[in-house]
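Order of listing sets the numbers, starting from 1, for every ligand and every atom in it.
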Amino acid sequence: MTAYRPLIAGNWKMHGVEASLGEVRAMVAAVEGRPPASRVAICPPATLIDRLAAQVKGTLIEVGGQDCRAEAQGAYTGDIAAEMLADAGATLVILGHSERRAGYGEGDALIAAKAVAALRAGLEPIVCVGESLAEREAGQTLSVITGQTRGSLPEDLAGHAFAVAYEPVWAIGTGLTPTLEQIAEAHAAIRATLVEGFGEHGRRIPILYGGSVKPSNAAEILRTAEVGGALVGGASLKASDFTAIFEAL
Ligand code: PEP
């Protein structure tokens, strides 16, 4: 058993406009009808954070950003500071998602700097790690994810609330998932790395699983050893799917 409250976070990616708030209304009704065993968060596009935060205010649903810049302000056209996410109503932020690592060349050191920025703004970082298919096939899964965990989590996180999300790149948006044994093996390696870096605190950090989580596989994944919640992409967009996932615990 884990000592912390699991976290189920929805990553809406670049999906969602005003009309999507209807789904959020249904999610709010679900948590009010039956309080979930986990924390529940939605990470919408930045344009929706303030509207969504207003909508879920006073409910059990939390709101997060999907990325932030390390600097607090400056001439960085198109970027968003952690302070801006917090100002808009976010309390968490996803960092180092594989779509940013691969698509924007984000490396561990930059992600660690963003984690420091998140703390500075009072946000709880959810730091993503995960191997590509080529790395798994080359037998490098554990060295890749432990290396990313060490490199992306700055010492500054000691004593603060944060989460790690294990997201095998090949499982994201593909409908493929690792076996439960593979998930348990990866999570055990991340746990050992967290304990090595943060001592006792490292035992209490939730390690979320992410990659094609859906209503039909959520219960077995969420009951796997060292799985402290889920980071959910596609299935978090529809209230019926997302609700079924957080009600699976
Ligand atoms: C994600 O992008 O973080 C993710 C897990 O996506 P999906 O659930 O759609 O695979």
For ligand 1, which atoms have a heavy atom of [X] less than 4.0 angstrom away?
{"X": "Lys13", "value": "1 (C), 2 (O), 6 (O)"}
{"X": "Ile172", "value": "1 (C), 2 (O), 4 (C), 6 (O), 10 (O)"}
{"X": "Glu167", "value": "1 (C), 3 (O), 4 (C), 5 (C)"}
{"X": "Gly211", "value": "5 (C), 10 (O)"}
{"X": "Ala171", "value": "10 (O)"}

request  = Give yes if a backbone or side-chain nitrogen or oxygen of Thr174 is under 3.5 Å from a nitrogen or oxygen of ligand 1, and no if not.
outcome  = no
query = Step by step, would you call Leu180 with Glu220 a side chain to side chain contact (heavy atoms under 4.5 Å, CB included)?
reply = CA-CA 8 Å; Leu180 299 180; Glu220 60 178 10; 4.0 Å; yes
Quick test of your reading of the model: are [X] and [Y] salt-bridged, counting only N-O distances below 4.0 Å?
{"X": "Glu83", "Y": "Arg69", "result": "no"}
{"X": "Asp67", "Y": "Lys114", "result": "yes"}
{"X": "Arg39", "Y": "Glu62", "result": "yes"}
{"X": "Glu106", "Y": "Arg101", "result": "no"}

request  = Measure the distances from the heavy atoms of Ser236 to every atom of ligand 1 and state whether one is below 4.0 angstrom.
outcome  = no
To the nearest 0.5 Å, how far apart are [atom1] in [X] and [atom2] in [Y]?
{"X": "Ile205", "Y": "Ile190", "atom1": "CD1", "atom2": "CD1", "value": "11.5 Å"}
{"X": "Ile42", "Y": "Gln55", "atom1": "CD1", "atom2": "CD", "value": "8.0 Å"}
{"X": "Ile126", "Y": "Leu231", "atom1": "CD1", "atom2": "CG", "value": "6.0 Å"}

What protein heavy atom sits nearest [atom], and how far away is it?
{"atom": "atom 8 (O) of ligand 1", "answer": "Gly233 N, 2.8 Å"}
{"atom": "atom 10 (O) of ligand 1", "answer": "Gly173 N, 2.6 Å"}
{"atom": "atom 1 (C) of ligand 1", "answer": "His97 NE2, 3.2 Å"}
{"atom": "atom 9 (O) of ligand 1", "answer": "Gly234 N, 2.9 Å"}

